[in-house]
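Structure, as structure tokens:
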Amino acid sequence: MNVNTWLEPIVFFLFAGVVLFSAIGIVLTRNIVRAALFLLGTLGGVAGLYFLLMANLLAAIQLIVYAGGTLVLIVFGVMLTSKSPWVRFAPSRSEAAAATTIGLVLFAALAKIVTGIDWTVAAHPADQPATVRQVGNLLLQQYLVPFEVASVLLLVVMIGAAYLARPEN
Amino acid sequence: MIQEILGSQLGLSICIICLGLAVILTADAYCIYFERKVSAWMQDRYGPNRVGPLGLLQPLADGIKFILKEEFIPARADKILFYIAPALGVIIALVGFVILPIGGRVHWSWMPEGTTLLAQGASVDIGVLYLLAVGSLTVYGVVLGGWASNNKYAFYGAMRSAAQMLSYEVPLGLALMTLILTMGQLRLEGIVTGQIDSAWNAFLHPVAFLIMLITALAETNRAPFDLAEAEQELIGGYHTEYSSMKFAQFFLAEYTHMITASGLLTALFLGGYEVLPFSRLLAGVNGLSWLYWISTSVSPWAMVLRMAVFCGKISFFIFVMMWLRWTLVRFRFDQLMRLSWKALVPIGMAIVVVQGVLLYFGRPISWISTAAEIGILVIAAMISLLSGKPITGRQLSLVEDDEHAIRPSKTPVTV
């Protein structure tokens with residue numbers, strides 16, 4: 001018997017469990033660093049799911065981009081939000097209402113998309129492994145303009161951050 | 001049964017991972033012994049020499065001592081994160097080594113003719129990116145541990161470590177990019193065989209090698225980049241409040257990270273398991289054909305020799321790291337940042353551009369790249385000399401012409 005037939009569901013539910021547990025944790029915790037750590041768990045779990053789907057490049061990018069990003073989030077969360085690192089969230093009623101509304105709208109949209117898709121036609125992903133070379137060729141040929149626009153956007157952000165960080169004189 | 005397990009790729013991989021775990025965890029303990037011996041040797045002392053012959057049982061004694069020590073947790077610490085942080089550090093440090101190409105291809109005598117297996121933990125098509133991804137996670141143990149301790153010194157250590165990690169990932173990525181450009185792939189075993197066919201990347205890309213070595217030191221938090229623990233300023237930095245086995249886990253994570261980083265340097269720049277550079281050319285010389293045989297043969301004995309060679313090169317890098325630690329003084333934080341952003345990043349960008357141009361003219365693997373990289377280094381040195389502003393020199397004040405700036409006092413301090 002092929003190992004994958006019984007191993008794959010176990011690994012899937014493991015990663016899905018991590019994602020769900022961390023996602024609930026982000027919402028429920030009142031501590032900003034723990035929330036950031038839970039976010040890391042969610043993003044890491046999604047990266048694990050990508051690995052399971054043989055989308056290695058996507059998984060690695062997910063880890064590289066979001067792991068570093070979450071680190072910055074922790075640093076900002078700790079250093080900029082309060083003088084004490086033991087800050088706790090205390091959202092007001094209006095903030096909670098706004099967050100609930102946005103959450104419900106997003107959930108409705110996602111639910112509509114998920115139920116609207118015919119999931120049976122998906123071919124086995126291993127038939128066409130998305131190699132780094134193919135992704136690179138697509139980015140630098142077919143999608144060159146959006147790619148460059150995104151990099152210019154990042155450059156603008158970088159220059160802006162450097163300008164803000166300069167001393168006054 | 002054993003033949004069946006060793007004869008399948010999954011079985012062989014799992015065996016190698018288990019063996020690797022055992023070797024790395026033992027090697028960690030002996031790295032600490034070795035570190036103390038090297039420091040003693042450099043400072044003209046004896047070092048540990050009481051437990052067992054030459055003090056060789058010292059790691060065992062240390063381990064028992066760590067277990068017996070009191071496990072102290074600060075009153076207002078974040079208990080869960082305080083427990084998780086050291087374990088997270090060890091786990092993340094350990095997952096990196098599985099993709100190191102330690103053994104090459106092997107053919108067992110009971111396997112069908114012509115089939116070979118890959119003697120390494122996992123063969124990942126995005127090898128280099130995988131290591132970058134794992135590498136960006138390694139700092140979490142330090143940051144969370146420092147934050148959860150509820151101690152100012154530990155917190156400063158954690159924040160320093162985070163800033164240092166974010167700064168040194170940029171030159172690391174640039175150095176790796178020059179390699180990816182010239183080798184045309186991300187698979188680590190492919191990069192090793194590519195080097196066996198041509199020349200070691202340390203010769204073709206000396207500047208990229210140098211940048212990578214510096215960033216490896218910085219990412220493993222080793223002196224002269226150990227600002228996260230800096231005993232003289234921060235007591236012990238992120239591990240100030242840690243005791244007992246949790247403290248030992250931070251050590252374990254640091255030395256495991258050193259081993260993985262050394263393995264990465266070996267695979268990417270020092271030809272992986274090849275004994276000597278240019279063994280393909282040396283094979284023509286009488287009596288030296290065994291050099292090329294070790295690098296390419298599928299015989300199990302050659303595989304064992306390759307693993308030994310790989311471990312030897314890792315040991316060499318670990319010795320270099322210890323040598324640097326006991327030779328150089330620690331950077332100041334502004335020097336650390338300037339070294340990354342004003343020296344390593346521009347030089348890294350320059351070598352990426354040069355490799356791109358060489359690639360465009362169809363000369364990705366040639367001695368021109370060596371000459372070009374050394375040329376860039378010379379130009380960088382010239383710019384730094386002509387501008388009169390040292391790249392990592394003494395900083396007089398953070399803001400020029402600030403009347404409140406702290407300046408070195410002109411009058412000598414009398415004691």
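Naming convention: chains lettered A, B, ... in sequence-line order (proteins, then strands); numbering from 1 in each chain.
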**Request:** Against chain A, label B/Leu186 side chain, backbone, both or neither, depending on which of its atoms sit under 4.5 Å from a heavy atom there.
**Result:** side chain
**Prompt:** Of all heavy-atom pairs between B/Ala133 and A/Leu63, which one has the smallest distance, and what is that distance?
**Reply:** CB-CB, 3.6 Å
**Item:** Under 4.5 Å from a heavy atom of chain A, the part of B/Ile84 involved
**Value:** neither
**Asked** Is A/Leu40 close to B/Leu137 at the side-chain level, that is, under 4.5 Å between some pair of heavy atoms?
**Response** yes
**Complete:** The interface call for B/Leu166 against chain A, heavy-atom contacts under 4.5 Å, is side chain
**Asked** Would one find more than 12 heavy atoms of other residues, nucleotides or ligands at under 6.0 Å from atom CZ of B/Phe250?
**Response** yes
**Minimum heavy-atom distance between B/Leu129 and A/Ala60, given as atom pair plus value** = CB-CB, 4.0 Å
**Request:** Could you grab the distance from atom CG of A/Leu57 to atom OH of B/Tyr130, nearest 0.5 Å is fine?
**Result:** 15.0 Å
**Message:** With a sphere of 6.0 Å drawn around CZ of B/Phe333, does it hold more than 12 non-hydrogen atoms of other residues, nucleotides or ligands?
**Reply:** yes
**Greater than 12 external heavy atoms within 6.0 Å of B/Phe82's CZ** = yes
**Asked** Contact part of B/Val134 toward chain A, heavy-atom cut-off under 4.5 Å: side chain, backbone, both or neither?
**Response** neither
**Asked** Which value, rounded to the nearest 0.5 Å, describes the distance between B/Leu131 atom CG and A/Ile64 atom CD1?
**Response** 10.0 Å
**Request:** Answer yes or no: does atom OH of A/Tyr66 have more than 12 heavy-atom neighbours from other residues, nucleotides or ligands under 6.0 Å?
**Result:** no
**Shortest non-hydrogen contact from A/Asn56 toward B/Ile126** = O-CD1, 3.3 Å
**Prompt:** Taking side chain as C-beta onward, heavy atoms only, is B/Ile80 less than 4.5 Å from A/Arg34?
**Reply:** yes
